[in-house]
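All remarks here apply to the structure that follows.
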Protein chains: 2
Amino acid sequence: MFSKATEYALRATIYIARRSDEKNKPGLAEIAKVIDSPRSFTAKILQQLTKNNKIVSSVRGPNGGFFLTDKAKKLPVYSILKAMAEDEVLTKCVLGLKQCSETKPCPMHAQYKPLKQQLIKLFETKTIQDLASEITNGDSVIGNGK
Amino acid sequence: MFSKATEYALRATIYIARRSDEKNKPGLAEIAKVIDSPRSFTAKILQQLTKNNKIVSSVRGPNGGFFLTDKAKKLPVYSILKAMAEDEVLTKCVLGLKQCSETKPCPMHAQYKPLKQQLIKLFETKTIQDLASEITNGDSVIGNGK
DNA sequence: TTAATTAAGGATATTTTTGTCCTCTTTTTT
DNA sequence: AAAAAAGAGGACAAAAATATCCTTAATTAA
């Protein structure tokens, strides 16, 4: 559904939200290891999330790393998609038609519409914090094994 | 959501289903024009759909072109996704985790599951014929304008 | 103040996806 | 039988996505 870059962005952000506070800031190496993503590529993605979009914050130097402000934790997951310029995945026509609309619907339109709406609602309603808290049991997982 | 290739595959197949019978077989040029896709690339995709997977049928030579058998028209739309090797889009973890399962759910799992199920059901239930018939009014559309 | 640590950023490489072009084969028409 | 009209298939090209590496800047600790 989403690109690798966006998958890493989601996983990394959720992990940082879980692990970070004023004192504790996971670094790139730790994040990439835990979420099972290529390190340098993940660095680029975290830059994207810190730079314009202010979803992730960072500090350099020893004991530096990445963290989320309380404000950032309250952002909808959708904001990560927007930061990765991939929110269109949820909004565009399933058949990829520019034309497709209520008045000029594609053959999938009527059937797909309610699902699309639920998808958007899910990503708009759920906050980063919500997902970070979703460790209801010890088996919830954010990476691929060891 | 899907790749360009799969979008073209869906549009082309629906168009062929609408336009074809024993006598009438739209050709590549017509198909590509109507569904607004790059001609030669569309040729490759139609080859994929004819070759192994037997979703689309074709005949060469003058008055040749593409058509769907009655049997093919009754296939679920899902079969097009499988032919394009993109059915995983619907089934895999939103966060891209191999691990993710009922016993080791990712943080989105519980919320996303019912939506995933609806998506799969939609593509498994709807047939190509269903979509081809979905011209309830004259404004239904399968390409991008003129 | 020097050394060490860590993110930022630029340049480059690799892979995948998307797309084109040309020749070959099949089929029909003349 | 020859010519024309299509799809089939291979080789190649371009663009985008994914990934790596190296240097610089910021910050902290010794």
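Side-chain atoms are counted along with the backbone in the values below, which use heavy atoms only and exclude waters and symmetry mates. Every chain is numbered from 1 and lettered A, B, ... according to where its sequence line falls, protein lines coming before strand lines.
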Indicate the atoms forming the closest heavy-atom contact of B:F67 with B:K25, along with that distance. CD2-CD, 3.6 Å
Are side-chain N/O atoms of B:E102 and B:H109 paired as donor and acceptor at under 3.5 Å? yes
What integer distance in Å separates A:K23:NZ from D:dT28:C1'? 13 Å
In whole Å, I'd like the distance from the CG atom of A:L28 to the C1' atom of C:dG9. 14 Å
Give a yes or no answer on whether the side chain of B:S79 reaches the backbone of B:P76 with a donor-acceptor pair at less than 3.5 Å. yes
What is the separation between atom CD on A:Q48 and atom P on C:dA7, rounded to the nearest whole Å? 17 Å
Contact nearer the 5' end of DNA chain D, comparing A:G61 with B:R60: B:R60
Could you state the CG-P distance from B:L46 to D:dG9, rounded to the nearest angstrom? 12 Å
Does the distance from a Lys or Arg side-chain N to an Asp or Glu carboxylate O, for B:E30 and B:R39, drop under 4.0 Å? no
Distance, rounded to the nearest Å, where B:Q47 contributes CD and D:dG10 contributes P: 8 Å
On DNA chain D, compare the nucleotides closest to B:A29 and A:P62; which residue's is nearer the 5' end? B:A29
Does A:S58 put a side-chain nitrogen or oxygen below 4.0 Å from OP1 or OP2 of C:dT6? no
Separation of D:dC22 atom P from A:R39 atom CZ, nearest Å, is 13 Å
Under 3.5 Å, is there a donor-acceptor pair between the A:S57 and A:T69 side chains? no
Could you tell me whether the phosphate oxygens of D:dA29, OP1 or OP2, come under 4.0 Å of any side-chain nitrogen or oxygen in A:N63? yes
Just the rounded figure in Å: distance from C1' of D:dA8 to NZ of B:K54. 13 Å
Would you tabulate the nitrogen or oxygen pairs shorter than 3.5 Å linking the protein to nucleotides 16-19 of chain C?
| unit_1 | atom_1 | unit_2 | atom_2 | d |
| --- | --- | --- | --- | --- |
| C:dT18 | OP1 | B:K4 | N | 3.0 |
| C:dG19 | OP2 | B:Y8 | OH | 3.1 |

Atom OG1 in A:T13, atom CD1 in A:I80: separation rounded to 0.5 Å? 4.0 Å
Would you say the side chains of A:E7 and A:S3 form a donor-acceptor pair under 3.5 Å? no
D:dA5 C1' sits how many Å from B:K25 NZ, rounded? 13 Å
